[in-house]
Protein chains: 2
Amino acid sequence: MKPDAVRGHLDGLILAVLESGPLHGYAIIEALQARSGGALDLPTGTVYPALRRLERAALVSGAWSTVGGRQRRTYTLTRAGRHALARQRAEWAEFSSVVDAVLRPRTIPEAAS
Amino acid sequence: MKPDAVRGHLDGLILAVLESGPLHGYAIIEALQARSGGALDLPTGTVYPALRRLERAALVSGAWSTVGGRQRRTYTLTRAGRHALARQRAEWAEFSSVVDAVLRPRTIPEAAS
DNA sequence: ACGCTATAGGTAGCGTGCCTACATATCATC
DNA sequence: GATGATATGTAGGCACGCTACCTATAGCGT
């Protein structure tokens with residue numbers, strides 16, 4: 001998939017994978033890969049800043065922990081995050097149906113000749 | 001619909017409305033409104049630069065004409081534009097199925113209480 | 001005569017936000 | 001001790017849609 005395609009929808013995707021339970025950043029990237037059948041392979045430079053953005057917006061809350069000597073920052077969906085996710089889903093439904101409608105091929109009158 | 005949502009998909013939308021036949025910029029905006037049931041109300045400052053971009057990329061070709069004393073620039077899909085449209089449709093199909101898959105609510109195991 | 005709206009085209013500059021590239025550190029494997 | 005997986009992060013670039021303007025004609029109302 002072309003890079004940049006997720007623009008404007010990344011937040012919703014992250015919130016969606018966090019719905020099933022808290023995850024740390026690296027695991028979020030893997031979860032997105034898994035759920036998309038490998039199509040979504042987001043670089044850390046995309047996801048980590050997004051998580052900080054979501055945390056600033058109070059849609060997720062982050063907490064440090066140490067697992068196997070490695071630092072982890074585990075993110076949990078907040079109540080506001082849950083509402084935001086519902087909103088994102090509704091917006092996506094509308095958006096995708098609009099694009100579907102516009103993109104759908106019309107029956108083209110057969111060319112003369 | 002939230003502004004900026006069409007980002008990355010605008011070109012495809014414009015190519016799609018041009019598939020049925022040549023249109024000038026203003027008519028393209030109206031066609032997008034019509035096909036989307038009013039949901040897409042793109043400002044001229046979005047569409048006109050996009051058309052010039054598409055013309056530079058040789059996906060559409062523009063031609064001036066005068067209708068009722070007003071200047072019009074009518075855009076026609078080129079062969080390359082038709083290919084690009086097919087590509088955009090394929091990309092959209094993949095992208096939207098990926099987002100659907102990730103966004104789709106999982107059955108959440110009932111919380112222990 | 002004047003203003004308003006619809007029609008028609010356009011530019012300048014901004015901000016968002018994803019990407020590339022890089023930096024850092026631990027642990028396991030070879 | 002080098003490599004790769006795991007894990008987190010920053011800096012800078014840039015594409016692109018948006019806001020806010022500007023210009024011009026035609027038609028209508030007052």
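Chain identifiers are assigned alphabetically (A, B, ...) following the order of the sequence lines, protein sequences preceding nucleic acid strands; residue numbering begins at 1 within each chain.
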Participant: Rounded to the Å, how far apart are A:Arg52 CZ and D:dT10 C1'?
Facilitator: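 In whole Å, D:dT10 C1' and A:Arg52 CZ are 9 Å from each other.
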Participant: Any idea which of D:dG17, D:dA7, D:dT10 is nearest the B:Val6 side chain?
Facilitator: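 The answer is D:dG17.
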Participant: Parallel, tilted or perpendicular: which one describes the rings of B:Tyr26 and B:His24, with boundaries at 30° and 60°?
Facilitator: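 B:Tyr26 and B:His24: parallel rings.
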Participant: Which atoms form the tightest heavy-atom contact between A:Val67 and A:Arg72, and what is the distance?
Facilitator: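 The pair with the smallest heavy-atom distance is CG2-NH1, 3.7 Å.
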Participant: For A:Gly45, report the nucleic acid contact type (base, sugar-phosphate, nothing); a contact means any heavy atom under 4.0 Å.
Facilitator: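 Contact class for A:Gly45: base.
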Participant: Would you mind reading off the distance between B:Arg73 atom CZ and D:dT25 atom C1', rounded to a whole angstrom?
Facilitator: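 Atom-to-atom, B:Arg73 to D:dT25, this comes out as 19 Å.
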Participant: Let me know the distance between CZ of B:Arg53 and P of C:dG9, rounded to the nearest Å.
Facilitator: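 Roughly 17 Å, once rounded to whole Å.
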Participant: Indicate whether any N or O donor in one side chain lies under 3.5 Å from an N or O acceptor in the other, for A:Ser61 and A:Glu55.
Facilitator: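 Absent: no donor and acceptor within the cut-off.
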Participant: In terms of the nearest nucleotide of DNA chain C, which residue is placed more toward the 5' end: B:Ala27 or A:Pro49?
Facilitator: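 That would be B:Ala27.
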Participant: Under 4.0 Å between a side-chain N/O of B:Thr46 and OP1 or OP2 of D:dC18, yes or no?
Facilitator: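 It does, given that an N or O in the side chain of B:Thr46 lies less than 4.0 Å from OP1 or OP2 of D:dC18.
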Participant: With a non-hydrogen cut-off below 4.0 angstrom, is B:Gly68 in contact with a base, only sugar-phosphate, or nothing?
Facilitator: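 If one applies the 4.0 Å heavy-atom cut-off, B:Gly68 turns out to touch the sugar-phosphate alone, with no base involved.
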Participant: Please state how far atom CD1 in A:Ile29 lies from atom C1' in D:dG9, giving the value in whole angstrom units.
Facilitator: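 So the two atoms are 11 Å apart, to the nearest Å.
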Participant: In whole angstrom, what separates B:Arg70's CZ from C:dG10's P?
Facilitator: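 The distance from CZ of B:Arg70 to P of C:dG10 comes to 15 Å, rounded to the nearest Å.
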Participant: Rounded to whole Å, please give me the gap between CZ in A:Arg7 and P in C:dC18.
Facilitator: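 For the pair A:Arg7 CZ and C:dC18 P, the rounded distance is 6 Å.
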Participant: Kindly say if B:Tyr48 contacts the phosphate of C:dG10, meaning a side-chain N or O under 4.0 Å from OP1 or OP2.
Facilitator: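 The answer is no; no side-chain N or O of B:Tyr48 sits under 4.0 Å from OP1 or OP2.
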Participant: Can you tell me how far OG1 of A:Thr78 sits from CG of A:Leu85, rounded to the nearest 0.5 angstrom?
Facilitator: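 With rounding to 0.5 Å, CG (A:Leu85) is 10.5 Å from OG1 (A:Thr78).
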Participant: Which whole-number value in Å describes the distance from B:Glu30 CD to C:dT7 C1'?
Facilitator: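 Between C1' of C:dT7 and CD of B:Glu30: 8 Å.
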Participant: Closest approach of A:Glu19 and A:Arg89, non-hydrogen atoms and distance?
Facilitator: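 Distance-wise, the nearest heavy atoms are OE1-NH2, 2.8 Å.
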Participant: So if I take every side-chain heavy atom of B:His24 and compare against C:dG9, D:dC18, D:dG9, which nucleotide ends up nearest?
Facilitator: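 Given the options C:dG9, D:dC18, D:dG9, the side chain of B:His24 is closest to C:dG9.
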Participant: Between C:dT26, C:dG10, C:dG9, spot the one nearest the side chain of B:Tyr26, thanks.
Facilitator: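 Selected nucleotide (nearest to the side chain): C:dG9.
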Participant: Please report the distance, rounded to the nearest Å, between CH2 in A:Trp64 and P in C:dT26.
Facilitator: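 After rounding, the gap between these two atoms is 14 Å.
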